Amino acid sequence: MTSTQDPTPSSDLESRIARLQRLVEISLILNSTLELEPLLRYIMDAASEMVGSESASILLVDRNTRDLVFTASSSNAVADLIGHPVPREGSIAGAILKENRAIALDDVRDDPRHYRGIDRQLQFQTRSLLGVPLSIKHEVIGVLEAVNKKQGRWTQENRNALLVLANQAAVAINNAQLVNALRRAYAELDQLDKLKNDFISIASHELRTPLGVILGYASFLKDEAQGESSAHAQAVFRSALQLRSIIEQMTNLRYLKVGEAELQPERVAVAALMRSAEGDIASLAATKNHTLTVRPAPEDCFVMADPIRIGAALGNILNNAVKFTPAGGQIVMEAVVRRPEVWITIRDSGIGIPADQLEKIFNEFYQVEDHMTRRYGGIGLGLSIARALVVAHHGRIWAESPGADQGSTFYICLPLAVDMSDSSAGQ
Ligand code: ADP
């Protein structure tokens with residue numbers, strides 16, 4: 001048999017292949033579109049193109065109210081209806097939803113289920129309609145309708161094509177809705193995070209003022225008191241200092257997510273940073289009779305740093321050195337220039353850190369000590385905050401320890417200020 005004798009099967013086959021290819025294209029686009037509005041628009045255009053209709057509409061079941069809502073239409077004439085519920089009883093879309101099957105009507109005017117309300121309100125004429133359920137597994141999430149066939153009547157092929165499209169579309173719509181819900185949840189989380197940060201900064205600010213008064217008088221009493229009262233005043237002073245360090249950590253909590261853009265860097269002498277940190281920790285170290293030795297960097301050693309933030313990082317490490325070293329210990333802070341960096345080390349003679357914990361201690365809320373047998377207190381954020389701050393300065397921070405009761409050393413490396421980093425600059 002030659003093709004001249006029977007041209008129909010081959011051209012029919014070709015057009016079926018072309019339709020399938022188009023369907024594959026459509027399916028690829030559906031799978032890669034996660035924004036709901038453009039997705040719905042694309043589905044409606046594809047529906048009209050595949051079945052030759054003037055327009056198309058999508059009705060979706062509201063997840064909360066379970067109403068069938070007129071969600072989108074490719075015809076501007078019905079734009080006013082968007083967002084309005086359509087009665088489940090007494091509408092064709094409602095019947096499609098309920099019966100979970102396609103309904104094709106070549107003349108809707110004769111069908112009692114046609115929801116005339118729509119046409120009446122908008123002076124829009126629905127002549128014919130082909131609607132299919134949008135379903136995922138057994139759940140029907142809405143209805144896809146092709147409205148007003150341009151030529152002739154709906155065919156079985158139209159019905160099949162729209163059903164295939166609806167199956168793909170339902171999954172894509174569901175995915176886009178999930179992504180939207182996730183975005184909303186993230187936005188709510190952001191809002192909660194802001195609330196938490198505001199609360200922490202207000203609370204820590206309000207706590208700091210009375211604490212300043214307590215510290216001032218406790219320090220005065222400690223110097224004046226004699227005998228037993230001297231020990232009591234010492235205890236009050238020590239506890240007030242501990243409280244101050246906890247409040248500082250609370251304030252620093254927002255630095256956990258610090259980005260480079262939030263820093264206010266200036267050209268600052270490393271020696272000045274070290275002396276300021278020494279001044280902040282000296283009285284706490286004295287309450288435990290530690291010897292605090294500071295060998296600052298050379299006066300002409302500069303870094304580009306936000307002094308408050310780097311000060312907070314140094315403060316957290318020094319605070320730990322005091323806390324995790326039994327009374328009468330040694331704490332040494334020193335700096336060496338190793339171009340193009342300066343290395344600040346803080347060494348203590350304290351309880352040490354097991355080798356397998358040296359990296360974990362920089363995780364948020366991680367503490368070597370078991371929560372049930374806590375002796376040292378703290379909230380497990382100091383080192384993660386210090387690391388976030390140092391990394392934001394393009395630096396590195398890590399810990400080393402020979403083992404239990406053999407002390408620990410913390411390293412903070414910061415890039416030297418640009419004019420310092422070549423070897424001709426001052427030592
Ligand atoms: P916190 O001190 O509030 O527990 P950090 O994040 O500052 O939280 O420290 C995490 C953990 O790392 C501490 O709980 C402790 O187990 C360990 N650690 C930190 N610094 C030292 C140190 N100098 N000596 C021994 N262990 C330390």
Side-chain angles (χ1 to χ4, degrees), residues 200 203-204 207 211 238-258 274 277-278 280-282 284-294 308-335 343-392 395-413:
I200 289 173
S204 54
L207 288 170
L211 187 63
R238 207 170 37 242
S239 301
L241 283 175
Q242 265 173 14
L243 209 55
R244 187 180 70 181
S245 118
I246 293 172
I247 291 169
E248 261 156 26
Q249 283 213 15
M250 277 168 66
T251 324
N252 291 345
L253 196 64
R254 66 200 142 100
Y255 293 160
L256 257 184
K257 303 273 178 279
V258 74
M274 292 170 78
E278 177 190 9
D280 289 344
I281 202 72
L284 188 64
T287 62
K288 286 184 80 176
N289 291 325
H290 290 323
T291 308
L292 177 62
T293 311
V294 178
I308 295 182
R309 267 75 180 242
I310 284 295
L314 288 175
N316 287 354
I317 305 231
L318 281 168
N319 199 59
N320 282 342
V322 171
K323 183 163 67 171
F324 295 106
T325 302
Q330 303 285 330
I331 297 169
V332 180
M333 171 164 59
E334 56 190 337
W343 288 29
I344 304 173
T345 53
I346 295 170
R347 196 168 61 246
D348 64 58
S349 58
I351 62 168
I353 302 164
D356 62 339
Q357 314 272 315
L358 285 168
E359 192 45 44
K360 291 184 189 153
I361 53 174
F362 289 92
N363 294 344
E364 289 164 32
F365 300 110
Y366 190 87
Q367 298 183 304
V368 175
E369 216 188 355
D370 191 320
H371 287 255
M372 303 302 287
T373 56
R374 283 160 60 83
R375 282 181 299 157
Y376 297 100
I379 45 180
L381 281 174
L383 290 181
S384 42
I385 290 169
R387 176 165 273 178
L389 289 167
V390 171
V391 169
R396 288 168 290 133
I397 178 172
W398 73 96
E400 288 178 4
S401 170
D405 297 324
Q406 296 183 67
S408 314
T409 306
F410 284 80
Y411 294 82
I412 294 183
C413 300

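Start at 1 and go down the list; that is how both ligands and their atoms are numbered. The structure displayed is predicted, hence computed values, not measured ones.
Residue Gly352 approaches ligand 1 through these ligand atoms, each under 4.0 Å from one of its heavy atoms: 25 (C). Within ligand 1, counting atoms from 1 as listed, the ones closer than 4.0 Å to a heavy atom of Gly382 are 5 (P), 6 (O), 7 (O), 8 (O). Ligand 1 places these atoms under 4.0 Å from at least one heavy atom of Tyr366: 10 (C), 11 (C). Those atoms of ligand 1 that come under 4.0 Å of a heavy atom in Gly380, given as number and element, are 1 (P), 3 (O), 4 (O), 6 (O), 8 (O).
Within the 4.0 Å heavy-atom cutoff, Gly350 does not count among the residues contacting ligand 1. Residue Ala386 places no heavy atom under 4.0 Å from ligand 1. Using a 4.0 Å heavy-atom cutoff, Phe362 is absent from the residues neighbouring ligand 1.
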Compile the donor-acceptor pairs under 3.5 Å between side chains in residues 324-332 and protein atoms, sequence neighbours left out, one pair per line.
unit_1 : atom_1 : unit_2 : atom_2 : d
Thr325 : OG1    : Ala321 : O      : 2.6

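Any N or O atom pair closer than 3.5 Å counts here, and Ser384 shares no such pair with ligand 1. Considering backbone and side-chain N/O atoms, Leu383 comes within less than 3.5 Å of an N/O atom of ligand 1.
Considering only residues two or more places apart in sequence or on other chains, Ser401 meets the side chain to side chain donor-acceptor pair (under 3.5 Å) condition with none of them.
With values rounded to the nearest 0.5 angstrom, Gln367 atom CD is found 8.5 Å from Leu381 atom CG.
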- Residue pair Arg347, Glu400: steps toward the salt bridge (Lys or Arg N to Asp or Glu O under 4.0 Å) verdict: CA-CA 9 Å; Arg347 196 168 61 246; Glu400 288 178 4; over 6 Å; no
- Message: Is there a side chain to side chain contact (heavy atoms under 4.5 Å, CB included) between Glu278 and Leu292? Walk through the geometry before answering.
- Response: CA-CA 8 Å; Glu278 177 190 9; Leu292 177 62; 3.9 Å; yes
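At a heavy-atom cutoff of 4.0 Å, ligand 1 is contacted by the side chain of Lys323 but not by its backbone. Only the backbone of Leu381 comes within contact range of ligand 1, with a heavy atom under 4.0 Å; no side-chain atom does. At a heavy-atom cutoff of 4.0 Å, ligand 1 is contacted by both the backbone and the side chain of Val368.
Of the candidates Asn320, Asn319, Asn316, Asn319 is the only one forming a side chain to side chain donor-acceptor pair (under 3.5 Å) with Ser245.
Using a cut-off of 4.0 Å between Lys/Arg side-chain N and Asp/Glu carboxylate O, Glu359 and Arg387 are scored as salt-bridged.
Ring-plane geometry between Tyr411 and Trp398 is classed as parallel, the angle between the planes falling under 30 degrees on a 0 to 90 degree scale with a further cut at 60.
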